[in-house]
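Everything below concerns the one structure shown next.
The residues of the chain are indexed from 1 along the displayed sequence.
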Amino acid sequence: TFTHTSTSHTLHTCTYHIHAHTHTHTPACTWPHLCSKCRPNCEFVTIEWLTNSFVEGKPTQVTDRYRWFKHTPPLSLHVPVEHKEDASFQLPDYECQRPTPLNHHNHHLTDALELLERYNEHLGSKEGDTRALAFRRASCVLKSLPRKVTHIDQVNTLHSIGKHSAHVIEEILTTGSSSEVEERKNTEWFQCMEVLTSIYGCGPATADKWYKRGLKNIEDIRACGELDLTEIQRLGIQYFEQLSCSIPRSEVVIITDFIRGEVEKCYPGTSVEVVGGFRRGKQSGHDIDLLLTHCDPSIVAIMLESIVEHLKKKVVCVCVCVCVCVCVCVCVC
């Protein structure tokens, strides 16, 4: 990714900062494509330089702390940057500096931690939420690592890997599975909670209440005529099969273009961008995250509610689309 600081209107007097998103990508391949006039003013820097520049509100002075190269990088495409295989992994200071690849190296560990995260979320207690967050943080760290974890010593020193998570990781690396994970996922309660909490509008407390009444799946819920349902829960049960289907990327484009057009009618100049998983390259997902921005703070304060009301009046089905499939966030430019 290129950023530059112009000192005049001519290209050769610009200072270019080239930063890499992951520690496994070598920036050396970019160097030969720069013209000879740009090379003297070019710096290869880490993502930490960009983060600190945001904090300071201006380009941070480049020192060896931020440089990929302490000397001029090679001109040849065939000379790679040396990468030392450390015994343990190192993480950036800030979580926002971590890469978020769609395909990572540690599914054998993250799948187990994410199951324990969901199990503890289903408990619906403060203690459960705390444990779920700990498993989530550990899983996120493992996803950002540039290589497959093969020994517990590689992650023991990472601050987001707690004792409980470390124990699960070590057991999987040693035996191939976690006894805790196997026990949790085979309980009837967990299997039923997985189904019930997938109903839109049904959280852990409601799902647990239904389970204790003997309602274990969507058929049981529909057959029971004694439930006091909210409007959102009623829609979630009615459209359960449709909402359980993934949204393909092709439909994301159509939905986003439609919303972008309607938003422009309400507030001209509003930017509508797809974020979340689809921005990272996912081909399907269960919701669409949209970010709406406008340079006028007075418009930002009122735009979301009025846009949703406009969409509800536009077409009947859009009400469900906006409330269920599309998550919209508004911010000031």
Side-chain angles (χ1 to χ4, degrees), residues 106-140 142-143 162-169 171-172 175-248 276-277 282-289 319-327:
N106 293 293
H107 284 286
H108 60 306
L109 302 176
T110 59
D111 289 350
L113 294 175
E114 287 172 354
L115 185 142
L116 293 176
E117 175 193 348
R118 297 197 306 276
Y119 182 92
N120 282 277
E121 283 181 340
H122 294 337
L123 294 175
S125 64
K126 184 176 181 180
E127 182 181 0
D129 289 343
T130 301
R131 288 182 177 178
L133 180 59
F135 287 125
R136 180 184 180 87
R137 286 176 173 170
S139 177
C140 289
L142 294 174
K143 290 178 181 179
K163 291 182 179 180
H164 196 158
S165 297
H167 174 75
V168 173
I169 293 171
E171 187 177 5
I172 294 174
T175 67
S177 64
S178 164
S179 57
E180 180 180 4
V181 171
E182 295 302 314
E183 178 186 346
R184 296 284 190 263
K185 75 177 183 181
N186 290 320
T187 62
E188 182 189 66
W189 177 83
F190 176 73
Q191 294 172 0
C192 292
M193 289 293 287
E194 287 278 88
V195 174
L196 296 177
T197 55
S198 67
I199 299 173
Y200 188 74
C202 176
T206 300
D208 186 60
K209 181 174 65 176
W210 289 349
Y211 174 77
K212 290 176 179 178
R213 291 185 58 173
L215 308 176
K216 300 179 180 180
N217 51 51
I218 187 66
E219 290 77 18
D220 291 344
I221 298 297
R222 286 171 172 166
C224 182
E226 303 175 357
L227 296 177
D228 185 17
L229 302 174
T230 66
E231 180 64 14
I232 294 297
Q233 290 170 347
R234 187 187 66 78
L235 290 172
I237 295 169
Q238 181 178 351
Y239 296 104
F240 177 77
E241 286 77 14
Q242 294 90 329
L243 294 175
S244 297
C245 295
S246 296
I247 307 171
K282 279 189 176 181
Q283 295 304 308
S284 63
H286 287 89
D287 62 7
I288 308 170
D289 300 308
C319 174
V320 178
C321 171
V322 171
C323 294
V324 176
C325 299
V326 182
C327 303

Got a sec, which residues hit side chain to side chain contact (heavy atoms under 4.5 Å, CB included) with Ser246, two or more places apart in sequence or on another chain? Ser284, His286
With sequence neighbours excluded, what pairs up with Thr130 under the side chain to side chain contact (heavy atoms under 4.5 Å, CB included) test? none
Applying side chain to side chain donor-acceptor pair (under 3.5 Å) to Arg234 and not counting sequence neighbours gives Glu231, Gln238
Residues at least two apart in sequence or cross-chain that pass side chain to side chain donor-acceptor pair (under 3.5 Å) with Gln242, listed by chain then number, are none
For Lys185, which residues count as a salt bridge (charged side-chain N to carboxylate O under 4.0 Å, His left out) partner, sequence neighbours excluded? Glu182
His167 meets the ring pair (Phe, Tyr, Trp, His ring centres under 6.0 Å) criterion, sequence neighbours left out, with none
Can you tell me if Thr206 uses its side chain to pair, donor with acceptor, with the backbone of Cys202 under 3.5 Å? no
Side chain to side chain donor-acceptor pair (under 3.5 Å) partners for Glu121, two or more places apart: none
How about Tyr119 and Met193: do any of their side-chain heavy atoms sit closer than 4.5 Å? no
Holding to ring pair (Phe, Tyr, Trp, His ring centres under 6.0 Å), I want the full list of residues that pass it with His107, two or more places apart in sequence or in another chain. His104
So, using side chain to side chain contact (heavy atoms under 4.5 Å, CB included) as the criterion, who are the partners of Glu194 when residues are at least two apart? Arg118, His122, Phe190
So, using salt bridge (charged side-chain N to carboxylate O under 4.0 Å, His left out) as the criterion, who are the partners of Lys126 when residues are at least two apart? none
Residues in side chain to side chain contact (heavy atoms under 4.5 Å, CB included) with Glu183, at least two apart? none
Hey, what do you get for CD (Glu180) to CG (Leu115), rounding to the nearest 0.5 Å? 9.5 Å
Sequence neighbours left out, what passes side chain to side chain donor-acceptor pair (under 3.5 Å) with Arg131? Give chain and number order. Glu127
